[in-house]
Amino acid sequence: MPHSTTLQRPDDCLIVIFGASGDLTKRKLLPALYYLWDRGMTPENFGILGVARSKYDDDAFRKMIYEFNPDGYDDAKWAEFSKHVHYEASDSTNAEAWPDLTTRIKGLAQEHGTGTNIMFYLSMAPQFFEPIIQNVGASGLVIDGKRMVPLNKEDPTWQRIIIEKPFGKDPESAVQLNNTLGDVFWENSIYRIDHYLGKELVQNMLVLRFANTIFEPLWNREYIDHVQITASETVGVEGRGSYYDSPGGGAMRDMVQSHLLQVMSLVAMEPPVSMHAEDIRTEKIKVFKALRVPKEEDIPQIAVRGQYGPGAVKGEAVIGYREEDGVDPESQRDTFTAMQFNVDTWRWGGVPFYLRSGKAMAAKKTEIVIYFKPTPHILFRDQARNQKPNQIVISVQPNEGIRIRFEGKEPGVGMKMNEVVMDFDYIKQWEVDPPDGYATLLHDCMRGDQTLFKHRDEIESSWYACQPVLDYWEENPQPDLPNYAAGTWGPPASDLMMQRDGRYWRND
Ligand SMILES: NC(=O)c1ccc[n+]([C@@H]2O[C@H](COP(=O)([O-])OP(=O)(O)OC[C@H]3O[C@@H](n4cnc5c(N)ncnc54)[C@H](OP(=O)(O)O)[C@@H]3O)[C@@H](O)[C@H]2O)c1
C-alpha cells in the first residue's frame, strides 16, 4: 500500500476500542474519528464499539464522550455521527466475557453492514495487552490471521490491531509481546502506534529529504556535523507519579526509546525505492539495526540521567518529582534523559545524534536540528568567532515549520555578518492547523498503510540500544538526584556532555 495523502475512503469496518472509558479514547480517539467522518474519510459503512468495565450503555457512553469536549463537536453533526458509536460494559481481559462480547461485535457488524473487517484498538495499560490479544485470538474473529489461513483472495477481509505504547519495558518483554501478537496476527496486520509519527512536521521530513534535490546531497557525514532531537515539556508528572515511577516509567523508556528514536530514523534512513510502506519500513529497519549498542565503559560519557527538583515554570512554583504523589522519596527515576546515539553506516560514520527529553523544563518544544559543518576554509576570519553553524530546524511543535539558519551580510557599508533565517511557517503557509496525529494514523490503519507504524524489528533494536544504559543506571544509583530545578533545561551534566564534544544544545 503506497503512503498517500489522497482522500481514498477506507474499506468498511468495525472499530473496536478496548479501554474506551479511559482518557485516550475521549481526548483523542473519538475526536479523531469524528474529524475523519466530518471530512468523508471514514468508511462508507462503519461502527465504533467502545469496550471497558465501567457501566455505560450506548447513550451514556456517547454523552460522556460529548461532554468531555462539547466545543469539539457540532451538535447536528454529532447527532448523526454518534449513531455509529456503541459501548459494551465488559472486562475484555477475562476470557469468560468473550462469548457475549463476540456476539455483540458480530451483531454490530451486521447492523452497520461492515462484514468481517475489524480494526481492534488496544487503548489500555500494557499489562492488559497480552490477555486481550489472546482473547481476540481465541474468539474466532480473526479470520485473516494465523489461525484461519489461507487468505481468501476472492473475498478480501482484514482484521488489524493497533497497539498503544509502552511496547515492553525492556527487550525481553518487547519480544514476548511481539510473539503474542504474532500468534494471532500477521506482521502486516499489526499496527504499533507512535503518535509522534502522525505529526505533520515529522512526516514532512520524508518530503523535505526525498522530494527536493537541494538537501539530500548534503545529508551525510561530509556536511552534517551532528543532529539534535529535543522533546521537552514544561509540565511535571502531574498526578501520574505512580505510573512514571514504576519500573516501566521514566524519560528514557517513555520518550527516547519509543518516540525520539522513531523520529531519528526518518532523519537517518536511506532513500526508499518507493513510497510503499514496506519500502519505507525496510530503510527504517536498517537504521535501527545500525544503532550502536553502547558499551558499559562509554555510558557515563554518552548518557545523562536527570530528575527535577522544586522550581518554577513560567513563574508558577512546581514541586519536585520526589514530592509528587506515588513517587518514592528516594526515587532514581529519570524525568530527563539525554543520550548520544550513533548510526554505524557509511552515510553517518562519525556523526552523533543527540536525543533529549525531559519534564518540568524551561519550554515546551519538539524539534529536530541538523547542524552543518563549518566551511572548509574560513574567509571571514575576523568574524569567525561569531559565525554560527548552518542549521535546518524542523519545529514539530509549537511554531510548526522548517527554518534554515545561515549567515547573511548586514546592510550597510562594510562586511558585517549576522545570522538570518528562512522561515517556512506551516500555519501561515497552509492557513490550517495541523490535524491531530491520531486522525492520520487511524485513517492509515483503516486503509492498510503501515508506513507510520513500527515494525517489530524497529522496536526490538531500539530496546537493545537503550537497555545497557537503563541497566547501568539501575546498578549505579546517582547520589546527586534531583539534579535540575523545574523550569530549567535539565542538569548541567547534559550541557557538559555536549561541551566535551565541542557542541551545545539549541535552547532558544
Ligand atoms: N492518555 C493519553 O494521552 C495517552 C497518550 C499516548 C498513549 N497513551 C496510551 O494509551 C493507552 C490508554 O491510555 P489511557 O490514558 O486512556 O488509560 P486509562 O485512562 O488509564 O484507561 C484505560 C482503560 O483501562 C481500563 N482498565 C483499567 N483497569 C482495568 C482492569 N483491571 N481490567 C480491565 N480494564 C481496566 C479502564 O476501563 P474500566 O476501568 O472502565 O474497565 C480504561 O478504560 C495506554 O497504553 C497509554 O500508555 C495514552
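In listed order, ligands and their atoms are each counted from 1. Side chains included, hydrogens not; waters and symmetry mates left out as well; all remaining heavy atoms used. Values in this document were obtained by computation on a predicted structure and should not be read as measured data. For the single chain, residues carry numbers from 1 onward in sequence order.
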Could you identify the single nearest non-hydrogen protein atom to atom 23 (C) of ligand 1 and state the distance to 0.1 Å? Gly19 CA, 3.6 Å

Say whether Ser123 and ligand 1 are in contact under the criterion: heavy-atom distance to a ligand atom below 4.0 Å. yes

Lys165/Asp254 ion pair, N-O < 4.0 Å: yes

Charged N-O contact under 4.0 Å between Lys63 and Glu67: yes

Are Thr114 and Asn45 close enough that a side-chain donor and a side-chain acceptor fall under 3.5 Å? no

Nearest non-hydrogen protein atom to atom 36 (C) of ligand 1, with distance, is Ser21 OG, 3.7 Å

Distance under 6.0 Å and angle within 45° of ring axis: Arg39 vs Tyr35: yes

Going by an N to O cut-off under 4.0 Å, is there a salt bridge joining Lys286 and Glu283? yes

What protein heavy atom lies closest to atom 24 (O) of ligand 1? Include the residue and the distance to one decimal. Met124 SD, 3.7 Å

Please list, in number order, the atoms of ligand 1 under 4.0 Å from a heavy atom of Arg27. 1 (N), 2 (C), 3 (O)

Any idea which protein heavy atom is nearest atom 47 (O) of ligand 1, and the distance to it? Lys165 O, 2.8 Å

Leu24 N/O under 3.5 Å from ligand 1 N/O: yes

Look at Glu233 together with Lys359 and state whether they make a salt bridge at an N to O cut-off of under 4.0 Å. yes

Verify atom 20 (O) of ligand 1: protein non-hydrogen atom under 4.0 angstrom away: no

Shortest protein contact, atom 31 (N) of ligand 1 (heavy atom only): Phe128 CZ, 3.3 Å

Give the contacting part of Leu122 toward ligand 1: side chain, backbone, both or neither, where contact means a heavy-atom distance below 4.0 Å. neither

May I ask you to identify the nearest protein heavy atom to atom 26 (N) of ligand 1, giving residue, atom name and distance to one decimal place in Å? Arg53 NH2, 3.9 Å

Heavy-atom distances under 4.0 Å are what count here, so tell me which part of Glu164 touches ligand 1: side chain, backbone, both or neither. side chain

If the threshold is 4.0 Å, N to carboxylate O, is there a salt bridge linking Asp11 and Arg447? no

Going by an N to O cut-off under 4.0 Å, is there a salt bridge joining Glu367 and Lys365? yes

Between the side chains of Arg506 and Asp508, is the shortest nitrogen-to-carboxylate-oxygen separation below 4.0 Å, so that they form an ion pair? yes

Atom 1 (N) of ligand 1: the protein heavy-atom neighbour that sits closest, reported with distance to 0.1 Å: Asp23 OD2, 2.7 Å

Identify the protein heavy atom lying closest to atom 40 (O) of ligand 1, giving its residue, its atom name and the separation to 0.1 Å. Ser54 OG, 2.5 Å

I'd like to know if Tyr438 contacts ligand 1, where contact means a heavy-atom distance under 4.0 Å to any ligand atom. yes

Look at Asp449 together with Arg160 and state whether they make a salt bridge at an N to O cut-off of under 4.0 Å. no

